[in-house]
**Q** 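Handing you a structure now.
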Amino acid sequence: MPTALRICPLCEATCGLTLTLDGTRVTGARGDRDDVFSQGFICPKGASFGELDADPDRLRAPLVRRADGTLAEAGWEEAFDLIARRLPPLVERHGADAVGVVLGNPNVHTMAGALYPPVLLGALRTRSLFTASTLDQMPKHVSSGLMFGDPFAIPVPDLDRTAHLLVIGANPLESNGSLCTAPDFPGKLKALRKRGGTLTVVDPRRTRTARLADRHVAVRPGTDALLLAALVHVLYEEGLTDLGALAAHVQGVEEVEAAVRDFTPETVAGACDVDAGTIRALARELAAAPAAAVYGRVGGSTVAYGTLTNWLVDVLNVLTGNLDRPGGALFPLSATVPAPRPAGPGKGFALGRWTSRVSGHPEAKGELPMAALAEEIETPGEGRIRALVAIAANPVLSAPDGDRLDRALGALDFMVSVDPYLNETSRHADVILPPPPPAQSAHFDFAFNGFAVRNQVRYTPAPVPLEPGRMDECEIHARLILAATGMHGAAPHTVDDMVIARTLARVVTEPHSPAHGQDPQEYAVRLTGRTGAERRLDLMLRLGPYGLTLDRLRAHPHGIDLGPLEPRVPQVLKTRSGRVELLPEPVAADLPRLREALSAPGDSLVLVGRRHLRSNNSWMHNVPTLNSGTNTCTLQVHPEDADRLGLTDGGTARVKAEGGELRVPVEVTDAVRPGVVSIPHGWGHDRPGTRMAVAAGRPGVNVNQLLDGSRLDPLSGTAVLNGFPVRVAPAS
Ligand SMILES: Nc1nc2c(c(=O)[nH]1)N[C@H]1C(S)=C(S)[C@@H](COP(=O)(O)OP(=O)(O)OC[C@H]3O[C@@H](n4cnc5c(=O)[nH]c(N)nc54)[C@H](O)[C@@H]3O)O[C@H]1N2
Ligand SMILES: Nc1nc2c(c(=O)[nH]1)N[C@H]1C(S)=C(S)[C@@H](COP(=O)(O)OP(=O)(O)OC[C@H]3O[C@@H](n4cnc5c(=O)[nH]c(N)nc54)[C@H](O)[C@@H]3O)O[C@H]1N2
Ligand code: SF4
Ligand SMILES: [Mo]
């Protein structure tokens with residue numbers, strides 16, 4: 001059987017896969033043992049690549065809304081014609097902000113999603129941008145932006161070399177890791193323990209990751225900022241801070257000491273439900289380890305103090321001398337970022353340069369909170385969102401209050417979805433543009449190489465050719481940009497040519513650029529690649545820190561290893577001071593809110609999410625082998641709570657919160673701590689008008705319907721999806 005290589009796009013681990021092919025059909029997938037990074041690792045999702053690729057419910061042609069309101073298959077020309085006819089006039093009449101753009105998670109898993117949305121946004125000039133980041137990692141971008149001057153300067157734990165890993169609200173044994181790209185994360189944690197290192201997991205659930213740990217701290221949800229502030233307090237109090245080589249590049253060390261003075265282990269113990277002795281031990285262990293890393297993810301991010309928690313994670317890394325040191329938390333250097341400029345002060349990071357129209361939420365990284373999308377569509381007035389372009393996004397299930405968003409999307413004047421499925425969100429579109437299945441797409445990880453635990457670079461061209469009638473997703477995006485901005489009909493490579501010309505015009509004037517002083521036209525002609533996207537990749541590689549080219553990459557189909565992570569301070573810093581700013585002003589201004597949490601009475605029952613290995617957000621429930629076996633969309637509840645509430649295993653519970661009410665099967669388990677219940681997200685496939693037969697057959701419930709969109713981390717606009725109060729009773 002012929003085989004072909006394809007980097008797996010199904011989670012952040014980016015494993016190299018070897019696909020077996022029967023003609024253009026993928027008949028199997030195994031880990032590519034020669035992959036320089038993943039070395040043969042594969043998980044059940046990757047193994048189902050062929051099935052996912054061949055899902056009969058994937059749309060094969062665009063869908064366009066007819067006069068009678070139904071969606072019907074149409075040709076590509078007709079689809080883009082309609083966009084060109086409807087979208088630009090709306091902008092002309094109502095202004096740029098009347099067009100909203102929604103970007104979902106899979107954009108970080110496709111080449112198209114990395115290369116084109118920035119161009120679309122630049123051309124539309126809209127401030128109505130909403131992405132999955134404000135349901136996820138925006139607090140990390142904000143804390144990095146404020147501390148390091150660059151929202152993408154995100155330190156990752158040096159998993160292969162660390163001696164102590166403190167994990168806050170992450171479950172890599174199910175998620176396979178996030179903002180820490182590491183194929184075989186589970187194996188790396190086992191290796192850490194094998195070489196004598198220690199693993200501590202802070203999580204209100206005893207997860208598979210927690211079970212692997214030396215120490216599991218079942219914190220009360222939403223209180224990690226208090227816990228970590230107390231850890232910082234102990235470091236100062238016991239003289240355990242030691243910044244090492246970093247000291248010369250950090251300012252604000254004394255200010256942080258003053259800022260955490262009130263957060264003693266004894267004062268936070270009650271709120272966190274972690275005893276003071278344990279808190280002190282956590283701080284001492286962290287300080288004593290020869291090299292250690294603190295790593296926080298979703299459970300420390302989509303919470304009321306998300307930005308503070310993410311800030312404290314790196315404060316701990318800095319104060320223990322572990323930031324930017326091997327075995328600690330280091331900044332990766334991806335092959336497609338511009339070659340580093342010399343160290344020195346930068347422009348810094350600004351928050352709240354504008355605010356949302358209805359609730360006045362500050363922008364973060366140019367984005368408004370996804371939780372505010374519905375009100376921006378529904379609330380009358382100038383600047384109301386009337387049209388939407390949704391790319392790889394399913395906010396009806398992934399964002400708070402899907403019912404409201406569902407109604408809002410239905411009230412739009414015009415909507416475009418770039419999505420392979422007719423699902424809960426795309427069913428509202430007037431035009432759905434379906435990308436081809438992954439086996440027909442080339443792959444490069446523009447995003448995840450920047451968060452990888454080892455510097456490396458890999459490119460896999462499309463394993464099989466496009467089926468007749470299919471359009472590459474890069475071309476779909478390019479044509480969408482042209483149709484949306486009055487250039488309908490121009491050749492799609494026009495978009496890439498424009499980007500290349502603009503980039504070169506800029507970099508040839510930059511002294512540190514490898515293209516400095518060259519002639520932009522001559523440089524552009526030298527770029528190789530059969531498509532606009534490939535030529536842009538070639539350009540980025542050439543302008544990058546390793547001086548690579550696309551040809552060189554293609555000559556190494558299993559990738560090029562670029563070595564372990566290395567220290568990058570001070571060059572990586574872009575703050576105005578040119579130093580790590582340990583107590584940024586917006587963070588200091590948010591601390592009084594945290595102080596209030598010390599005396600606030602805790603909620604008696606709160607809900608957290610969870611992830612399952614065989615699932616991924618909302619869109620993999622249509623693959624039979626992944627969505628089979630026991631139902632995973634259950635309410636997990638601790639036996640003590642079950643007794644108190646009158647719930648029985650296998651029974652049905654009624655769960656109520658501000659945004660609505662659900663009926664969900666009960667699973668009694670002591671894997672959740674008392675006072676905490678858990679429901680996974682991404683379910684609720686029971687709306688009419690979708691075309692995902694397998695998912696609809698096992699719909700589950702939409703946990704986000706419990707939320708009304710009002711709970712946000714104020715600094716980042718990130719929705720509180722973990723640790724919100726619920727009421728639970730048996731369903732009669
Ligand atoms: N309660 C709760 N809610 C959560 C979370 C949680 O932990 N708890 N997690 C949040 C997180 S971390 C995230 S990232 C968000 C995700 O939120 P979304 O990004 O809105 O959700 P996904 O399910 O990832 O949906 C992505 C969409 O992309 C489509 N798609 C799949 N592959 C492709 C492709 O190759 N190209 C294109 N164009 N489209 C594609 C799918 O069909 C689907 O419609 O959900 C968030 N929601
Ligand atoms: N199988 C699978 N893999 C995935 C995904 C998926 O849906 N399924 N989604 C992908 C995406 S988009 C992302 S962003 C990543 C996420 O990757 P992770 O962050 O590793 O994934 P989660 O399983 O959400 O882990 C969050 C953990 O935080 C815990 N938690 C909840 N509230 C709190 C709290 O207040 N404090 C603390 N300390 N812990 C808390 C939860 O119990 C949970 O175990 O996973 C990616 N990989
Ligand atoms: S771990 Fe992630 S990248 Fe690797 S095979 Fe599984 S889904 Fe794919
Ligand atoms: Mo995510």
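In each ligand, atom 1 is the first atom listed, and ligand 1 is the first ligand listed. Counting from 1, the numbers follow the sequence of the chain as shown.
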**Q** List every atom of ligand 3 that sits less than 4.0 Å from any heavy atom of Lys45, numbering the atoms from 1 in the order shown and giving each element.
**A**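 Under 4.0 Å from Lys45, ligand 3 has these atoms: 7 (S).
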**Q** Out of all atoms in ligand 1, which are within 4.0 Å of some heavy atom of Pro435? Include the element for each.
**A**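 Close to Pro435: 36 (N), 37 (C), 38 (N).
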**Q** Touching ligand 1 at all, His109? Heavy atoms, strictly under 4.0 Å?
**A**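 Per 4.0 Å heavy-atom rule, His109 does not contact ligand 1.
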**Q** Answer yes or no for Cys11: is there an N/O/S atom below the 2.8 Å cut-off from atom 6 (Fe) of ligand 3?
**A**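 It does not; every qualifying atom lies at 2.8 Å or beyond.
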**Q** Counting heavy atoms only, which of Pro438, Ser398, Gly609 comes nearest to atom 17 (O) of ligand 1?
**A**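 Looking at heavy atoms only, Ser398 sits closest to atom 17 (O) of ligand 1.
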**Q** Under 4.0 Å from a heavy atom of Asp136: which atoms of ligand 1 are those, numbered in the order shown and with their elements?
**A**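 The list of qualifying atoms is 12 (S), 14 (S).
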**Q** Once you round to the nearest 0.5 Å, how far does CZ of Arg297 lie from SG of Cys180?
**A**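 Between atom CZ of Arg297 and atom SG of Cys180 there are 10.0 Å.
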**Q** Quick check on Ala393 - does any of its heavy atoms sit under 4.0 Å from an atom of ligand 1?
**A**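 Under 4.0 Å: yes for Ala393.
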**Q** Of the backbone atoms (N, CA, C, O) and the side-chain heavy atoms from C-beta on, which set of Gln137 has a member under 4.0 Å from an atom of ligand 1: side chain, backbone, both, or neither?
**A**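 The answer is neither; Gln137 stays 4.0 Å or more away.
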**Q** Record the part of Asn423 in heavy-atom contact with ligand 1 below 4.0 Å; permitted values are side chain, backbone, both and neither.
**A**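 For Asn423, the contact with ligand 1 is made by the side chain alone.
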**Q** Below 4.5 Å, heavy atoms only, C-beta onward: do Val694 and His685 meet side chain to side chain?
**A**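 Val694 vs His685: side chains apart.
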**Q** Is it the side chain, the backbone, both or neither of Val703 that has a heavy atom closer than 4.0 Å to ligand 1?
**A**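 It is the side chain that touches ligand 1; the backbone stays farther off.
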**Q** Using the rule given for salt bridge (charged side-chain N to carboxylate O under 4.0 Å, His left out), can you reason through Arg60 versus Glu467, listing the C-alpha separation, both sets of side-chain angles and the distance that settles it, and then say yes or no?
**A** CA-CA 9 Å; Arg60 300 183 156 266; Glu467 285 169 325; 3.5 Å; yes
**Q** What's the shortest distance from atom 10 (C) of ligand 1 to any protein heavy atom, and which residue and atom give it?
**A**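 For atom 10 (C) of ligand 1, the nearest protein heavy atom comes out as Leu135 O, 3.3 Å.
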**Q** Run the numbers for me: atoms of ligand 1, each under 4.0 Å from some heavy atom of Val418, listed by number.
**A**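 With Val418 as reference, the close atoms of ligand 1 come out as 37 (C), 38 (N), 39 (N).
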**Q** Is it the case that Arg33 places NZ or CZ above or below the six-membered ring of Phe41, under 6.0 angstrom from the centre and within 45 degrees of the axis?
**A**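 Checked: cation-pi criterion not met.
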**Q** Taking the side chain as every heavy atom from C-beta outward, state whether Val101 and Phe130 have any pair of such atoms under 4.5 Å apart.
**A**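 Contact flag for Val101/Phe130 side chains = no.
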**Q** Any atoms of ligand 3 less than 4.0 Å from a non-hydrogen atom of Asn176? List them with their elements.
**A**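 Those of ligand 3 that fall under 4.0 Å from Asn176 are 1 (S).
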**Q** Is there a polar contact between ligand 1 and Glu473, counting only N or O atoms under 3.5 Å apart?
**A**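 There is such a contact, yes.
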**Q** Considering both backbone and side-chain atoms of Asn105, is one of its nitrogen or oxygen atoms within less than 3.5 Å of a nitrogen or oxygen in ligand 1?
**A**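 Indeed, backbone or side chain, Asn105 has an N or O that close.
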**Q** Do Tyr421 and ligand 1 have an N or O pair less than 3.5 Å apart?
**A**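 Between Tyr421 and ligand 1 (N or O atoms, distance only) the closest approach is not under 3.5 Å.
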**Q** Considering Ser426, Ser618, Gly104, which one's heavy-atom position lies nearest to atom 25 (O) of ligand 1?
**A**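 The option holding the nearest heavy atom is Ser618.
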**Q** Taking only heavy atoms of Cys8 into account, list the atoms of ligand 3 that are under 4.0 Å away from them.
**A**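 In order of numbering, the contacting atoms are 3 (S), 5 (S), 7 (S), 8 (Fe).
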